[in-house]
Amino acid sequence: MKKRFKVLSLLLGCSLFLVGCGNKNTNENTTVDDSKNKSVELNISAAASLKEVMAELETEYNKVNENVKLVVNYGSSGSLQQQIEQGAPCDLFISAGQTQMNNLKNENLLLDETTKDLVENELVLVKAEGIEIENFDDLNSDKINKIAVGEPSSVPAGKYADEVLVNTGIKEKIADKLVFAKDVKEVLAWVASGNADVGFVYLSDALSSDKVTIVENVQVNEHTPITYPVSVIKDSKNIDEAKAFEDFLFSSTAQDIFEKYGYKGL
């Protein structure tokens, strides 16, 4: 009887040991799988004009990078620059102007060798429905009461528009007609709603709305080149993922998407 009891105890002990080992292996395997499936949240600060194209770029990127969630903060490039300077979470910055990116570079806030020119855009003059003008010269006519532009000090599109008005010698003549917006999307919204008669926006913005009409494409020699630089932020907590997304932006797939929305590759 005692011998049988010892045999049963021995068998029970072995069974418990094997179960324990199995659970340990299962837990270890689960831990490995979890690490492979770890989700990463990538914070991107992007110029307001990029809103439409970024939506499609995100969809395309997530087809092969399901675990990377893009959280995009849109605004004027100047406002985004200030947010980054003040420590707002940001892994990657895409500006609509060189000034804002250069300011961050001078403050040593950008990761070395990741600052690059991404795409180009064009500046266009758009009009609201019912506004009867034929060209740029009509801005000084009685047909126009309000001209919307971005705030030149913080909105690159506003800076480019200001350069055009100065270089063509028309700024002083129409100064009382100018109304200033916080970003280029607000300019577009004002013209689309009729709250402004005309406005200066990017070609990509004009193509995104069926409520405005392009009056004229501004000559490129009337303003500084419109380039969109991109860079990884030095204090990013997801540097590898930020670099990977930046690489994607330069891929033929991403560049084709940019072209679809009115941008030009470099």
Side-chain angles (χ1 to χ4, degrees), residues 38-121 150-160 181-187 202 204-205 208 226-251 253-255 257-258 261 263 266:
K38 182 181 178 182
S39 179
V40 174
E41 190 172 276
L42 204 59
N43 290 291
I44 299 173
S45 290
S49 53
L50 292 163
K51 189 171 184 179
E52 288 79 19
V53 69
M54 281 297 294
E56 185 164 342
L57 287 169
E58 179 178 2
T59 298
E60 190 65 30
Y61 190 68
N62 284 145
K63 289 180 180 179
V64 292
N65 297 274
E66 297 178 355
N67 297 330
V68 179
K69 179 183 178 182
L70 303 185
V71 179
V72 187
N73 175 32
Y74 297 103
S76 70
S77 298
S79 296
L80 296 175
Q81 173 200 324
Q82 292 179 354
Q83 292 172 17
I84 293 170
E85 290 171 336
Q86 294 167 5
C90 181
D91 299 300
L92 189 82
F93 178 39
I94 312 175
S95 174
Q98 296 287 353
T99 299
Q100 293 74 24
M101 193 67 77
N102 288 336
N103 288 340
L104 293 178
K105 184 176 181 179
N106 292 336
E107 295 174 45
N108 198 30
L109 295 175
L110 305 180
L111 188 66
D112 291 342
E113 300 181 358
T114 64
T115 307
K116 308 169 186 176
D117 290 340
L118 180 57
V119 289
E120 291 182 335
N121 211 335
E151 175 55 54
S153 63
S154 60
V155 183
K159 172 180 173 291
Y160 302 131
K182 71 179 188 308
D183 58 46
V184 71
K185 286 301 185 187
E186 188 166 66
V187 173
Y202 296 122
S204 58
D205 296 303
S208 72
I226 303 175
T227 57
Y228 285 61
V230 58
S231 184
V232 176
I233 301 302
K234 191 174 185 178
D235 288 340
S236 168
K237 293 180 173 59
N238 302 292
I239 286 178
D240 290 340
E241 289 81 5
K243 284 183 176 180
F245 182 69
E246 183 181 59
D247 289 342
F248 164 75
L249 294 176
F250 286 92
S251 69
T253 299
Q255 289 292 308
I257 294 174
F258 275 116
Y261 284 84
Y263 299 87
L266 294 168

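The residues of the chain are indexed from 1 along the displayed sequence.
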- request: State, yes or no, whether a side-chain contact exists between P156 and Q100 at a heavy-atom distance under 4.5 Å.
  value: yes
- request: Find the distance between CD1 (I44) and CG (L92) and round it off to the nearest 0.5 Å.
  value: 5.5 Å
task: Working to the nearest 0.5 Å, report the span between CD1 of I257 and CZ of F248.
output: 5.5 Å
- prompt: Less than 4.0 Å between a side-chain N and a carboxylate O, is that true for E60 and K63?
  reply: yes
- prompt: Taking atom types as modelled and ignoring hydrogens, do the side chains of N121 and Y228 form a donor-acceptor contact shorter than 3.5 angstrom?
  reply: yes
- prompt: Can you tell me if T59 uses its side chain to pair, donor with acceptor, with the backbone of A55 under 3.5 Å?
  reply: yes
- request: Go through the side-chain N and O atoms of S231 and T114 and say whether any donor and acceptor fall under 3.5 Å apart.
  value: yes
field: Min side-chain heavy-atom separation V68-F245 under 4.5 Å
entry: no
Residue pair L110 / I233, side-chain heavy-atom distance below 4.5 Å: yes
task: Using distance alone, with no hydrogens and no angle criterion, decide if N238 and E41 have a side-chain donor and acceptor under 3.5 Å apart.
output: no
Qualifying residues under ring-ring contact (aromatic ring centres under 6.0 Å, His included), relative to Y160, sequence neighbours excluded: H223
field: Flag side-chain contact, heavy atom, 4.5 Å: V184 against K51
entry: no
Test: D91 and K237 ion pair at under 4.0 Å: no
query: To the nearest 0.5 Å, what is the distance between CG (N103) and CG (L109)?
result: 10.0 Å
- prompt: Is K185 salt-bridged to E52, cutoff N-O under 4.0 Å?
  reply: yes
field: Set of side-chain contact (heavy atoms from CB on, under 4.5 Å) partners for V187, sequence neighbours left out
entry: A148, A181, V201
field: Y263 side chain reached by Y202 side chain, heavy atoms, under 4.5 Å
entry: no
- request: Find out whether L266 and V119 are in side-chain contact, i.e. whether some heavy atom of one side chain is under 4.5 Å from a heavy atom of the other.
  value: no
task: Could you tell me whether K69 atom NZ has more than 12 heavy atoms of other residues or ligands within 6.0 Å of it?
output: no
